[in-house]
Amino acid sequence: MPRATTRTSALAVLAVLGAVGAAPAAVPAPGAGEAVVTVRTGGDRTGAQSVGPLAGVRLGLFAAAGDAAPVDPGWGVCVSDAAGDCSFAVPDTGPGGANAGRELTVRQLDGGVPAGWFANPVLRTGPGSGSGSVRSPYAFRTPALAAGNTYRSTADFMISDDYKNLPTASGGVWQNSRNNPPLPARCGLDVALVLDLSASVGGELPFLKAAADRFTDALTGTPSRLAVFSFDQASPATSVSANHPELHPVSTPAGAAEFKSLYADWTLGKGTNWDTALWSVAQAAPAYDAVVVLTDGNPTRFADDKQGDGSNTHFRDVENGIFSANSVKAKGSRLIALGVGKGVEGDSGLNLRALSGPTAYTEGGDLTAADYFQTKDFATAGQQLHDLALTHCDNSVTVVKQLVPAGTTGEDTTGAVNAPAGWTFTATGRTPGVGGLPEELTTTDDGTGSVVFQPELGELPSAALDISELQHEGYELVTKGGRNAVCVNLDTGQPVEVSDTGSADRPGFALDLPRLAAVSCTVYNRPVAAADLAVDKTWRIDGTTHPEGSQPAGFTATASLTGPSGAAASPQPWGVARTGYRVGDRATVDEQVQLADPACRLTDRRITSLNGAPVDLPLGSALALDSAHTRAEVTNTVECDHRTPSPSPSPSPAPPTHPGGGHLAATGGGGAAALLPAAGATVLAGLALLAARARLVRSVRSVRRHRDGT
């Protein structure tokens with residue numbers, strides 16, 4: 001009686017691809033009169049030259065390659081175990097036995113895949129150029145069976161490095177492909193572009209780059225990010241210094257231009273290695289929504305040491321590409337294979353299918369359902385990529401939030417960058433019947449500074465929408481062309497008219513969204529930079545300079561400043577900074593002057609210094625606050641016209657002080673009040689006598705002058 005055909009391995013052993021004589025797995029030992037045929041089944045790549053096992057693969061032994069049924073429904077069928085071993089215990093292989101010396105064909109049974117996988121029963125072999133294609137069934141002949149022997153796919157059949165004579169040379173690990181994950185049904189994607197730089201691209205290289213540019217342009221204005229890889233016989237290609245697995249936001253034209261510059265100067269190498277290209281992607285840290293492989297030929301190399309002959313495509317070249325593609329899809333990335341040109345037309349679609357999935361794109365079909373494309377040129381491929389990028393952006397408004405540097409003024413947005421997480425927008429509809437609104441969305445830390453609203457229009461021709469943002473403290477809206485937002489139709493590239501709505505703390509804009517259109521709007525904000533203004537005072541009086549506070553008494557002035565926030569002029573102490581302004585504001589500097597001495601007059605007053613530099617500005621000028629701190633100086637020039645006073649009479653000897661003390665007020669020449677000591681009656685009489693004598697002398701002198709005619 002034949003023994004059970006499927007055994008469970010006790011060890012999970014990884015098969016090393018291309019390693020002849022790999023360590024044996026736990027497979028059943030042949031019983032009496034038995035030979036064991038064991039096939040290693042693989043799933044995802046686990047290392048540059050290793051692949052993990054795949055359980056649940058059902059294989060059959062067939063007497064002839066074209067037979068419909070296995071040679072025996074019992075021992076002629078196996079199912080791979082957790083270690084990836086699918087083993088047949090073939091009876092009657094001893095001398096004279098019915099199966100002695102028999103060669104059987106191993107083939108996958110119809111439907112013999114575990115859930116989530118599909119089989120590739122036929123692959124394309126032949127020259128890497130795409131000419132001379134051969135549809136090669138994925139089936140392998142066993143050696144002549146003899147009892148007591150175990151025949152392994154990794155050592156005794158399947159595996160081969162005879163690339164010159166055997167197009168079906170395999171690595172000995174049975175391939176199956178993971179189902180392709182769906183493309184996320186949203187506007188805005190994280191995508192890795194994988195560009196073929198093999199020598200066969202030749203003069204089409206500019207068009208390959210143009211196709212990549214076209215895809216990038218299609219995603220510009222959406223919350224999308226892109227990475228880019230290259231390959232020839234290695235990855236990065238031997239002509240390129242590095243891959244760029246990091247995701248670059250392309251939500252703005254500036255971001256898109258920066259991304260394009262990463263591959264703009266790439267040049268061609270040689271050979272085609274799908275395996276290493278996709279393994280590079282699988283190892284990258286980011287999780288991509290989609291991985292787009294743009295290639296013009298079939299693989300002719302595999303592994304990180306460039307195995308293969310570099311000219312022809314064998315099973316082994318494709319198998320290894322499948323294992324790496326499985327690792328990419330295991331991370332949730334949809335793998336889209338774009339074959340461009342004659343090198344991948346016709347039967348080459350079999351290999352593109354094995355990388356991605358079973359659904360080929362047909363003209364006018366569903367782009368999002370297609371796993372692989374075969375197109376005549378890169379221009380067509382670029383258009384297909386463009387259309388694919390925007391498929392899930394129907395009926396959408398992307399809002400891209402950008403922050404403008406604080407040093408800019410007015411509508412200058414030079415140096416704007418995408419906003420970080422935390423900026424909130426709200427969309428409401430004004431057209432009856434529009435679904436999905438109102439909706440509130442907040443930017444994340446993905447680097448795009450974007451949110452996407454996708455209202456449900458049904459059969460409506462358009463929808464009138466209002467979109468507003470919650471303004472952050474310390475920021476102000478920056479208009480462009482006098483509008484709160486700048487919008488463009490991504491399908492046509494034409495501007496979309498908007499009107500301003502909202503308030504200072506919740507500014508917004510209104511627009512009409514045409515049915516099936518994808519619109520992108522950019523909103524700018526600038527951080528409000530605090531500024532202050534201080535004004536110093538200097539007096540120049542009769543040629544002598546006096547800082548404020550050290551000038552003579554009777555010379556006073558009070559400063560006044562306008563602002564902040566448009567406030568009218570108000571007093572401000574000299575030398576004390578007034579705060580509350582913003583960089584870019586303007587403030588008018590003025591003063592009120594008081595001179596107590598009527599003999600002095602103000603001949604000039606100017607703003608003579610600004611931030612330590614000499615200036616000559618009239619008082620009342622509006623100063624631009626272009627930095628956080630502004631300091632001005634006001635200088636007043638004063639001239640005084642004092643005449644020389646008459647000499648004072650010689651003082652008389654002071655009479656003795658009356659014992660009673662006290663003072664009496666008297667008026668001296670010029671009206672000045674003098675204080676003299678008080679005296680008794682005798683003193684007053686003496687004073688009167690002296691005055692009388694003086695009057696008499698003056699009278700006598702007058703008479704004499706009159707008599708003498710003088």
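Scope of the values below: all heavy atoms of this structure, side chains included, with no hydrogens, waters or symmetry mates.
Here Arg526 pairs with Glu476 in a salt bridge; the nearest charged N to carboxylate O distance falls below 4.0 Å. By the 4.0 Å N-to-carboxylate-O rule, Asp616 lies close enough to Arg606 to be salt-bridged with it. The pair Asp217-Lys260 counts as a salt bridge, with a side-chain nitrogen and a carboxylate oxygen less than 4.0 angstrom apart. Under the 4.0 Å criterion applied to side-chain N and carboxylate O atoms, Arg430 and Asp466 are assigned as salt-bridge partners. A salt bridge links Asp289 to Arg186: one of the charged nitrogens lies within less than 4.0 Å of a carboxylate oxygen. Here Lys537 pairs with Glu591 in a salt bridge; the nearest charged N to carboxylate O distance falls below 4.0 Å.
Taking the six-membered ring for Trp and thresholds of 30 and 60 degrees, His472 and Trp423 have nearly parallel ring planes, at less than 30 degrees apart. The aromatic rings of Trp266 and His244 sit parallel, their planes meeting at an angle under 30°, below the 60° perpendicular limit.
Looking at every heavy atom in both residues, Val498 comes nearest to Ala485 through CG2-O, 3.4 Å.
The closest donor-acceptor contact from the side chain of Thr562 to the backbone of Thr588 lies under 3.5 Å. Although no hydrogens or angles enter the test, the distance criterion places a donor-acceptor pair under 3.5 Å between the side chain of Ser224 and the main chain of Leu189. Panel note: side chain Gln572, backbone Val535; no donor-acceptor pair is recorded below 3.5 Å. Panel note: side chain Thr216, backbone Ala212; a donor-acceptor pair is recorded below 3.5 Å. In terms of modelled atom types and a separation under 3.5 Å, the side chain of Ser251 and the main chain of Ser450 share no donor-acceptor contact. Thr252 places a side-chain N or O within donor-acceptor distance of the main-chain N or O of Gly255, the cut-off being under 3.5 Å. The backbone N or O of His629 lies less than 3.5 Å from a partner atom in the side chain of Ser627, making a donor-acceptor pair. Thr443 places a side-chain N or O within donor-acceptor distance of the main-chain N or O of Gly422, the cut-off being under 3.5 Å.
Side-chain contact between Glu639 and Cys600: absent, with no pair of heavy atoms (C-beta onward) separated by less than 4.5 Å. Contact of the Val397 side chain with the Cys521 side chain is registered, since non-hydrogen atoms from C-beta on lie closer than 4.5 Å. Between Val292 and Leu385, some side-chain heavy-atom pair lies under the 4.5 Å cut-off.
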Determine, step by step, whether Asp536 and Arg631 satisfy the salt bridge (Lys or Arg N to Asp or Glu O under 4.0 Å) criterion, reporting the C-alpha distance in whole Å, the side-chain angles of both residues, the deciding distance to 0.1 Å, and the verdict. CA-CA 8 Å; Asp536 298 321; Arg631 198 168 197 96; 2.9 Å; yes
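Under the 3.5 Å distance criterion, with hydrogens and angles disregarded, no donor-acceptor pair is assigned to the side chains of Glu456 and Asn395. For Thr424 and Thr442, the side-chain atoms include at least one donor-acceptor pair closer than 3.5 Å. There is no side-chain donor-acceptor pair under 3.5 Å between Thr544 and Asp542. For the 3.5 Å distance criterion, the side chains of Thr538 and Glu633 qualify, holding a donor opposite an acceptor. Between the side chains of Thr558 and Gln592, no donor-acceptor pair of N or O atoms lies under 3.5 Å.
Shown are Val593, Leu595, Asn636; of these, the side chain to side chain contact (heavy atoms under 4.5 Å, CB included) with Phe555 is made only by Leu595. Each of Ser396, Cys187, Cys393, Ser520 was compared with Leu490 under the side chain to side chain contact (heavy atoms under 4.5 Å, CB included) criterion, and only Ser520 meets it.
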